[in-house]
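Quick note: numbers below take in every heavy atom, side chains included, and nothing from hydrogens, waters or symmetry partners.
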Amino acid sequence: MDNDLFTGNTLAAQLFAEVIIPLALPQNYTWAIPAHLQENVQPGSRVEVQLKNKKYAGIIKTLHRQKPAAFAPKEVLNILDEAPLLFPIQLQFWKWMADYYMCSEGEVMNAAVPANLKLSSESILIWNDEHGLDFSDLNGEEFLVAEALELKKELRLSEVQQILDAAHVYPIIKRLIDKNVCYVWEELKAKYKPKTETYIILHPVYHNEDKLADLMNNWSKGPKQLELLLAYLYLIKSEGEVTQPVLLKKSGASAAQLKGLIDKQVLIAEKREIGRIATLPKNVYIDFELSQAQQTAYDAIQMAFMQKPVCLLHGVTASGKTQIYIRLIEQNLLEGKQVLYMLPEIALTTQIIRRLQKHFGGNIAIYHSKFNPNERVEIWNKVKSGEAKIVLGARSALLLPFVNIGLIIVDEEHDPSYKQQDPAPRYHARDSAVYLAALFNAKVLLGSATPSIESYNNAQTAKYSLVSLNERFGEAELPAIQLIDLKKIETADRKKIMLSPQLKEAIQSSLNQKKQVILFQNRRGYSPYMICNVCGWIPQCRNCDVTLTFHKAKNKLACHYCGTTYPVINTCAACGSHHFIEKNFGTEKIEEHIAETFPTSRVSRMDYDSVKGKYDHDNLIKLFEQQKIDILVGTQMVVKGLDFEHVNLVGILDADGILNFTDFRVNERAYQLMEQVSGRAGRKDNTGKVLIQVSNMQHPVLQFVQQHNYQHLYEFEIQNRRHFFYPPYSRLIHIIFRHKENHIAEEAAHLLQQGLQPAFAANITGPAQPVVHRVRNLFLWEMLIKLPKDTAIIQQCKTQIQQQIIILQSNKRYRGVDIIPDIDPV
DNA sequence: AGCACGCCGACT
DNA sequence: GTCGGCGTGCTC
């Protein structure tokens, strides 16, 4: 500037940093970097800064020399990292996410960065009991804090500031965390318990063959134990490793007998953690060949990636998609690229982890929100250094500091849990993955047996490429699906209708064959509803098209969405009959009823109430795998990508409940659920059978499910879905919130008049989601979802939108924001 | 996110 | 006359 010309010294101009603070601030603030700290600063480094009267560890977004005119920046207090915490590409990604999902970069940072790396004065440090009392590697100040921590077990960061000379607290804390003396408390996060599996090993003494022979020859008592030991020795020879459940199952011995051997110190039980960063060897080991169909799909994907960066793999259940993934991962590893394998959190079970670890050993890092802070930092660093080649994680893994991603796999692509609903950023991990991959020039593979309509539409309109895999692996066929008409079932007690004779018979036959059964009941079953027993029509809300809930006490029907109540309906709107019955049964009731009907079978229930921790879920799955349970009654939880070898019957108890789900994507969700549930039957052979109990036999989705025909569902949805949500609307709301001028409304109306393409997203995944979230109960929301392609109504909408704009303008947060074009992720 | 500022209802 | 409710605004 002029001053510089005058002094003739541009280099002396001060250095400023735009810093991202983990808060929902309207914009990023700027701090000055004092001369003595200028040597090592880079974008991506953390800096300690003061904002108001609090201190935060922020991340430098940019460095520049333009002195802000409007305010006098404060100075950065400290630089916390010599090397940046992440790469420019992540900063770019954060910026996009903040723009696209309308939140602050600070909020993205909050979601991305583990607690241990984002200290603030409010942070509470927790003493790490595992560290012990060896303080020899600490310097004077570190020692002071460590001692205080050991004594009090936890300290507020502000208290640490009192102990020390306040000027440079953060670097000391950072070193203490690095040295594992303490960690940062994260509230409300359930503590992650590492999953363990008990391995059985032979006591080292008996590795000596003579000693072992000696032991067995002089076996005094407990013949069963000797038998067990022999079974163990046999297994260890054939398998190399033996886990407790496998041993007990194959030997038929009891846990007490095993305990006897352990007490005698012949065998040792060793708990090993799985799911954390394994210390397994870092080699790649692949011991299978792709089937013909898989190989064809694999080649097609390779070809597709040459044309387009995103490919949708539509593979029927049990077609062996995972094996294709494994091949693709292997190929990326050979090219020295990182791979991100995303799964919905609930599907991140030991089953899939074990499977990948078998092939890629220590190259894999697992990441999800239930890890403790130290482990998360550990993984963060391994991903950043490139040591972790494969990351297997839930949606939050997308925000790890990858160096060079080559491939992102989004498995179970249709799963709604990829969408973060509550804390900002309200991002969709599948869509964000597409953008992130573009930044790395990487590929994205979306895999599902039941793609979301959005993705399928993207494939149909050639935005993504599409590869289909219609054959089940190992010559297994898709299970036969049989509908059972509940209306035809004569029963004295209407409530007992939950189990038709056909299903009862099928269950009995499965039990006789020593096979397992899954009975599926949607959670919706908890709220009672009325259904016409002649045609299967269900009363719906006039405003919301949502199934009405029956309130017995008040003898009224109510909409749980808008709150409207209706008198009980006696005449069917579809067939005119007066024959209504009440349906009301949840998984608990079913479990009870099943246990009564099949007294000799072992029945278990899997739903949100019965499995609270992740641990329970895994355990239940394990029990089922080991055939310790014959009949599993469950909600959606039983669906998530699990393989159960011995299941040959799946029963859907109340398909009407699914087909009338309180959701704007009923048909799609219903199809997905039924197809996924059916997929659990007979995965390994051709004995699979699916029985669907339903009153509304005519529902088209049932036919598509029976034929396993996704294409038909898709076409049906395009033609018949009543609640279209068009991308221009999403764009429109985005615009409304981005701009303060009224003329924008005209642009919006213009957009509405242009060719409208269905995006099928009443459950919006695009940028406007947080806004729609806010206005969903307002008139605008109602207008938008019910808007037919009618110009008159568009005019009306325009007026409404203008009113809306006035309301929204008063919201400080969206005032005076610059015009930012909508960025399409592809 | 915090925290201060500020303007109206029930209390010693 | 005050204490305290939470609505609005600001933080480099």
Side-chain angles (χ1 to χ4, degrees), chain A residues 1 13-38 41-80 91 94-95 97-98 101-125 156-161 167 169-170 184-189 373 399 420-427 737 740 770 773-774 806-818:
Chain A
M1 284 171 59
Q14 246 192 303
L15 190 60
F16 299 97
E18 188 186 336
V19 179
I20 302 169
I21 305 295
L23 293 177
L25 296 168
Q27 71 259 124
N28 293 325
Y29 293 144
T30 304
W31 275 265
I33 305 212
H36 69 279
L37 292 176
Q38 286 189 13
V41 281
Q42 287 171 68
S45 291
R46 282 179 309 158
V47 283
E48 180 186 349
V49 293
Q50 182 144 6
L51 179 69
K52 258 319 216 348
N53 43 12
K54 283 221 159 57
K55 289 174 182 175
Y56 296 92
I59 288 182
I60 299 179
K61 186 185 172 189
T62 52
L63 288 165
H64 61 85
R65 293 187 183 275
Q66 284 151 299
K67 190 184 170 80
F71 55 90
K74 289 185 182 165
E75 286 196 340
V76 160
L77 301 173
N78 263 308
I79 311 282
L80 299 179
L91 289 171
W94 289 12
K95 164 128 181 52
M97 225 185 210
Y101 294 107
M102 304 216 305
C103 65
S104 74
E105 282 168 277
E107 284 169 307
V108 182
M109 174 178 171
N110 242 338
V113 180
N116 274 357
L117 300 173
K118 36 176 203 207
L119 312 159
S120 84
S121 320
E122 293 301 293
S123 309
I124 295 171
L125 301 175
R156 292 185 133 252
L157 224 153
S158 42
E159 291 173 312
V160 180
Q161 270 161 358
V169 175
Y170 282 33
V184 177
W185 167 254
E186 245 184 314
E187 53 177 351
L188 292 174
K189 290 268 160 62
L399 291 156
Q420 172 145 319
Q421 279 291 352
D422 211 14
R426 297 177 177 81
Y427 63 107
F737 272 82
K740 57 177 177 179
H773 199 72
R774 286 158 164 266
I806 295 162
I807 298 166
L808 300 179
Q809 268 178 6
S810 63
N811 186 331
K812 167 80 175 54
R813 194 164 158 158
Y814 300 103
R815 206 186 294 157
V817 182
D818 285 339

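Relative to the side chain of A:W31, the nucleotides B:dG2, B:dA1, C:dC12 differ in distance, and C:dC12 lies closest. Of the candidate nucleotides B:dG2, C:dC12, B:dA1, C:dC12 has the atom lying nearest to any side-chain atom of A:K74. Closest to the side chain of A:K54, out of B:dG2, B:dA1, C:dT11, is B:dG2.
Atom-to-atom, CD1 of A:I21 to P of C:dC10 comes out at 19 Å; the value is rounded to the nearest Å. Look at CD on A:E105: it is 17 Å from C1' on B:dA1, rounded to the nearest Å. Distance A:L51 CG to B:dG2 P: 11 Å, rounded to the nearest Å. When the P atom of B:dC5 is taken as reference, atom NZ of A:K52 falls 9 Å away, rounded to whole Å. When the C1' atom of B:dG2 is taken as reference, atom NZ of A:K55 falls 17 Å away, rounded to whole Å. Between the CD1 atom of A:I20 and the C1' atom of B:dA1 there is a distance of 16 Å, rounded to whole Å. Taking atom CD of residue A:Q50 and atom P of nucleotide B:dC3, one finds them 13 Å apart after rounding to whole Å. Taking atom CD on A:E18 and atom C1' on C:dC12, their separation rounds to 11 Å, with Å as the unit.
No hydrogens or angles considered: a donor-acceptor pair under 3.5 Å links the side chains of A:E18 and A:T62.
Residues passing the side-chain contact (heavy atoms from CB on, under 4.5 Å) test with A:Q27, sequence neighbours excluded: A:Y29.
A:L91 has its side chain within reach of A:I59: a pair of non-hydrogen atoms, C-beta onward, lies under 4.5 Å apart.
A:K61 and A:E105 are joined by a salt bridge, as a carboxylate oxygen and a charged side-chain nitrogen come within less than 4.0 angstrom of each other.
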